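This report concerns only the one structure given below.
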Protein chains: 2
Amino acid sequence: MPRAGLDTAAVVAAGADLADEVGAGRPTMAMLAERLGVRTPSLYKHVAGQEDLNRRIAALAMSEAGEAVGTAVQGRAGRDALAAAARAFRTYVVDHPGRYGTTIGMEPAGPEDPLAAGSRRVLEPLLAVLRGYDLPETDETHALRMLRSLFHGFATLESAGGFQWSTDIDESFEWLIDFVDRGLRSG
Amino acid sequence: MPRAGLDTAAVVAAGADLADEVGAGRPTMAMLAERLGVRTPSLYKHVAGQEDLNRRIAALAMSEAGEAVGTAVQGRAGRDALAAAARAFRTYVVDHPGRYGTTIGMEPAGPEDPLAAGSRRVLEPLLAVLRGYDLPETDETHALRMLRSLFHGFATLESAGGFQWSTDIDESFEWLIDFVDRGLRSG
DNA sequence: CACGGCTGGCTAATGGACTTAGCTTTTAGT
DNA sequence: ACTAAAAGCTAAGTCCATTAGCCAGCCGTG
């Protein structure tokens, strides 16, 4: 009987793919095992259980989202950087709704939690974007929270089909970038 | 054997309470039945299943949130109305994290879905707030989506413990209201 | 007041999911 | 080649959601 050659990263990656296909929170250990060509209990050699798997998927999603935003921001500043960051984040979430959705409602268990580290990877480039505007230092945290809330909220609502009218969503998104840019410049 | 005297509304209300206590998506039919002093299968006389229960909880949450925001906005205009709406929404979500969390990622099944009706109850007063600003009509939908995204994102992140530094969250929230108000006035 | 039907409860049973325990075989290092 | 850890497996336990089918309490009619 040949070995499947799995490791934790492979299991988590497959779980993340599965979440993107069937929706956040929907994948079961059984589905994942079948996809990996392995029996369900074998998964427990690589992850501690469903809870652990989900935490790892969420951390992966955060880290990937952070990388996408970071890359998009490289070499840009001001409105350009803001728009690039926003679009990169939205694109990531729309392309990976399941794994990103796994992050929702999950509390980091402490500053050492990989999930918290992933969050920081997202926040870092956003902070860099804000540095391109002339904000009083005390406002930086507030603005950062605003950006995160706005991007997170928009992407989450969009990927859940939460915007009802026919008005073009892309258009709303560009409007939103403009709105934030103007607000930050006049701050 | 005396009757428990349940009906659909009572079951949904108890489910919503339970969600607030143990977290969105966590309540089981078994827990709910025990709390209602009834055996699990009896719940199916009032609710079609777990999926149906969650949809009803979500619809209830939306409707309640809409009512809270609507009441808060009554008799106010401009910045006042915006601030009242924002605070009412945030307060509702913080006080009822489980039932509000149940709405996340749930797609309305059509315009007749009570969940969609609940969403409209939230959007209505927000639209009224926007009417207090001088926006071009084409911007109204965009602004509405922005408000919804921002409030939803902020409240969701907050109630999941997603804001990491020690900077006061209330302060960020007030800053955010101010930011939006300024942006809408200069629109 | 009797009574018949609906309604809301119950028990029993099925199927599926997560998880643990314990065994076996591959594989990597000496 | 030999050993030991790692990675698979089967078997089994628990819990949950759901369906089927039964029975008793309530309501309205005669």
Side-chain angles (χ1 to χ4, degrees), chain A residues 1-60 98-99 101-102 104-107 109 115, chain B residues 1-60 98-99 101-102 104-107 109 115:
Chain A
M1 217 165 282
R3 289 268 174 107
L6 295 181
D7 59 8
T8 300
V11 170
V12 172
D17 287 347
L18 188 55
D20 288 337
E21 290 169 34
V22 305
R26 312 295 290 259
T28 68
M29 294 284 147
M31 287 164 67
L32 181 53
E34 188 188 2
R35 159 159 323 198
L36 289 168
V38 119
R39 302 295 186 150
T40 307
S42 303
L43 297 177
Y44 290 77
K45 296 289 180 178
H46 305 291
V47 291
Q50 202 166 41
E51 178 67 26
D52 180 49
L53 174 66
N54 282 332
R55 295 194 80 77
R56 289 174 189 272
I57 291 174
L60 175 67
R99 75 236 259 154
T102 305
I104 295 175
M106 183 138 35
E107 301 223 24
L115 179 59
Chain B
M1 219 165 277
R3 290 271 174 103
L6 295 181
D7 60 8
T8 301
V11 171
V12 172
D17 287 347
L18 188 55
D20 287 338
E21 291 168 34
V22 305
R26 312 295 290 258
T28 66
M29 293 285 144
M31 286 164 67
L32 182 53
E34 188 188 2
R35 159 158 323 199
L36 289 167
V38 122
R39 302 294 188 148
T40 307
S42 304
L43 297 177
Y44 290 76
K45 296 289 180 173
H46 305 290
V47 159
Q50 205 166 37
E51 178 66 27
D52 180 48
L53 174 65
N54 283 332
R55 296 193 79 78
R56 288 174 189 271
I57 291 175
L60 176 67
R99 76 236 259 152
T102 305
I104 295 175
M106 183 139 32
E107 300 224 23
L115 179 59

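Everything numeric in this text was worked out from a predicted model, so none of it was measured.
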Identify which nucleotide among C:dA17, C:dG9, D:dA17 has an atom closest to any side-chain atom of B:Thr28, counting heavy atoms from C-beta outward. D:dA17
Atom pair CE (B:Met31) and CG (B:Leu18), whose distance is rounded to the nearest 0.5 Å: 4.5 Å
Measure across [X] and [Y] and return the closest heavy-atom pair with its distance rounded to 0.1 Å.
{"X": "B:Gly101", "Y": "B:Ala24", "answer": "C-CB, 3.6 Å"}
{"X": "A:Ala19", "Y": "A:Arg99", "answer": "CB-N, 4.0 Å"}
{"X": "A:Val38", "Y": "A:Ala4", "answer": "CG2-CB, 3.9 Å"}
{"X": "B:Val12", "Y": "B:Leu53", "answer": "CA-CD1, 4.2 Å"}
{"X": "B:Leu36", "Y": "B:Ala14", "answer": "CD2-CB, 3.7 Å"}

Sequence neighbours left out, what pairs pass side-chain hydrogen bond (donor to acceptor under 3.5 Å, both in side chains) with at least one residue falling in residues 34-51 of chain B?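 The answer is B:Glu21-B:Arg35.
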Listed in order of residue number, which residues of residues 30-60 of chain A have a non-hydrogen atom at under 4.0 Å from DNA chain D?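 By residue number: A:Val38, A:Arg39, A:Pro41, A:Ser42, A:Lys45, A:His46.
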Strand contacts (DNA chain D) in residues 20-27 of chain A, 4.0 angstrom heavy-atom criterion: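 Of all residues in residues 20-27 of chain A, none places a heavy atom under 4.0 Å from DNA chain D.
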Within-4.5 Å side-chain heavy-atom neighbours: A:Thr102 and A:Arg55: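 A side-chain contact under 4.5 Å is absent here.
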